[in-house]
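Below is one structure; the comments refer to it alone.
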Amino acid sequence: MPTTVDRDATIAVLRRTWAAIDDLYDGLTEADHDRPTCLPGWTVKDQLSHVTSTEETLLGLPTPQVDVSGVPHLRNDIARMNEAWVEDKRSWSGAEVLARFRAVTAERLAVLDAMDQAAFDAPSWTPAGPDETYGRFMRIRHFDSYHHELDAR
């Protein structure tokens, strides 16, 4: 049975989590952005690139055409897609990735704010499976964003 989640509560927690990520990254040096994290091959900046890129995907932007075939830890199509987005932003400065994060999450929050509960209850593919709701996907987005904040810390 598909999962129904409260639209207002889910948007509020996404807003708070993205604000916490913004606060964390605000003022980091390039050396801070370049620090490795627990995820194979990913830096602090890459964590932010990933969160940003997932939201770019949800805005309908196409996945960058980047060759990630030589990355040994990628085991499925979602991992390859995530890595392509991250690799596409690797040449960006930390400040550029943060600016993009701010712009993209502001746009996503505007989209989410314009949705009603019925849109959140609509059927949607999610990383948890195909027979779920858009609201469940947004709850997963919060979980993913929060964990990548922890990874960056």
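No continuous path of hydrophobic side-chain contacts links L150 to I21 [ILVMFWY only; heavy atoms under 4.5 Å]. Cluster membership for I11 and V13, using ILVMFWY side-chain heavy atoms within less than 4.5 angstrom, is not shared. At a threshold of 4.5 Å between side-chain heavy atoms, the hydrophobic network of Ile, Leu, Val, Met, Phe, Trp and Tyr places V104 and M115 in two separate groups. L24 and Y146 sit in two unconnected hydrophobic clusters of ILVMFWY residues. Membership requires side-chain heavy atoms under 4.5 Å apart, directly or through other members. In the hydrophobic clustering of this structure, L74 groups with V66; members are Ile, Leu, Val, Met, Phe, Trp, Tyr whose side-chain heavy atoms approach within less than 4.5 Å, directly or through other members.
Here H142 contributes atom NE2 and I140 contributes atom CD1; the two are 12.5 Å apart, rounded to the nearest 0.5 Å. In this structure, the separation between CG on N82 and CG on D144 is 8.0 Å, given to the nearest 0.5 Å. Atom CD of E149 sits about 11.0 Å away from atom CG of D22, to the nearest 0.5 Å. Once rounded to the nearest 0.5 Å, the distance linking CD of E132 with OG1 of T4 reads 8.5 Å. Taking OG from S145 and CE from M138, the interatomic distance works out to 9.5 Å, rounded to the nearest 0.5 Å. Rounded to the nearest 0.5 Å, atoms CZ (R7) and CG (L112) are 8.0 Å apart.
At most 12 heavy atoms of other shown residues, nucleotides or ligands fall within 6.0 angstrom of atom CG in D131. Counting heavy-atom neighbours within 6.0 Å of Q65 CD, excluding the residue itself, gives a total of 12 or less.
Put simply, the side chain of D23 does not reach to within 4.5 Å of the side chain of D26, judged on heavy atoms. In this structure the side chain of Y25 never reaches within 4.5 angstrom of the side chain of R102, judged on heavy atoms. Under the 4.5 Å side-chain criterion, counting only non-hydrogen atoms from C-beta, V44 is not in contact with Q47. Contact check for V51 versus W18: side-chain heavy atoms found under the 4.5 Å cut-off. Looking at heavy atoms from C-beta onward, E55 lies in side-chain contact with R141 at the 4.5 angstrom threshold.
Listed for the K89 side chain is no donor-acceptor partner under 3.5 Å among the backbone atoms of L48. In terms of modelled atom types and a separation under 3.5 Å, the side chain of E83 and the main chain of I78 share no donor-acceptor contact. In this structure a side-chain-to-backbone donor-acceptor pair under 3.5 Å is missing from K45 to S93.
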Could you walk me through whether R80 and E87 pass salt bridge (Lys or Arg N to Asp or Glu O under 4.0 Å), step by step? CA-CA 10 Å; R80 284 184 280 282; E87 183 62 33; over 6 Å; no
Starting from the C-alpha separation in whole Å, work towards a yes-or-no answer on side chain to side chain contact (heavy atoms under 4.5 Å, CB included) for T37 and D46. CA-CA 9 Å; T37 65; D46 295 337; over 6 Å; no
Take H33 and T43 through the side chain to side chain contact (heavy atoms under 4.5 Å, CB included) test and state the conclusion after the steps. CA-CA 7 Å; H33 280 278; T43 64; over 6 Å; no
Apply the test side-chain hydrogen bond (donor to acceptor under 3.5 Å, both in side chains) to residues D151 and H147: give CA-CA distance (whole Å), side-chain angles for both, the deciding distance (0.1 Å), then the verdict. CA-CA 6 Å; D151 294 339; H147 276 273; 5.7 Å; no
Take R139 and T3 through the side chain to side chain contact (heavy atoms under 4.5 Å, CB included) test and state the conclusion after the steps. CA-CA 10 Å; R139 192 163 71 182; T3 308; 3.4 Å; yes
H148/L39 under side chain to side chain contact (heavy atoms under 4.5 Å, CB included): CA gap, chis, key distance, verdict: CA-CA 10 Å; H148 288 294; L39 292 183; 3.6 Å; yes
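The nearest pair of heavy atoms linking A84 to P64 is CB-O, 3.8 Å. Nearest heavy atoms, R136 versus A128: NH2-CB, 3.6 Å.
Ring pair W42/H50 is tilted by interplanar angle, where 30° to 60° counts as tilted.
Listed by first and then second residue, the ring-ring contact (aromatic ring centres under 6.0 Å, His included) pairs involving residues 106-136 are F120-Y134, W125-F137 (not counting sequence neighbours). Each ring-ring contact (aromatic ring centres under 6.0 Å, His included) pair with one or both residues in residues 55-78, not counting sequence neighbours, would appear here, but there are none.
Defined by atom type and a distance below 3.5 Å, a donor-acceptor pair is present between the side-chain atoms of W85 and T57. Checking D32 against T29 by side-chain atom types alone, a donor-acceptor pair falls below 3.5 Å.
Applying the side chain to side chain donor-acceptor pair (under 3.5 Å) criterion to D88, with sequence neighbours excluded, gives no partner residue.
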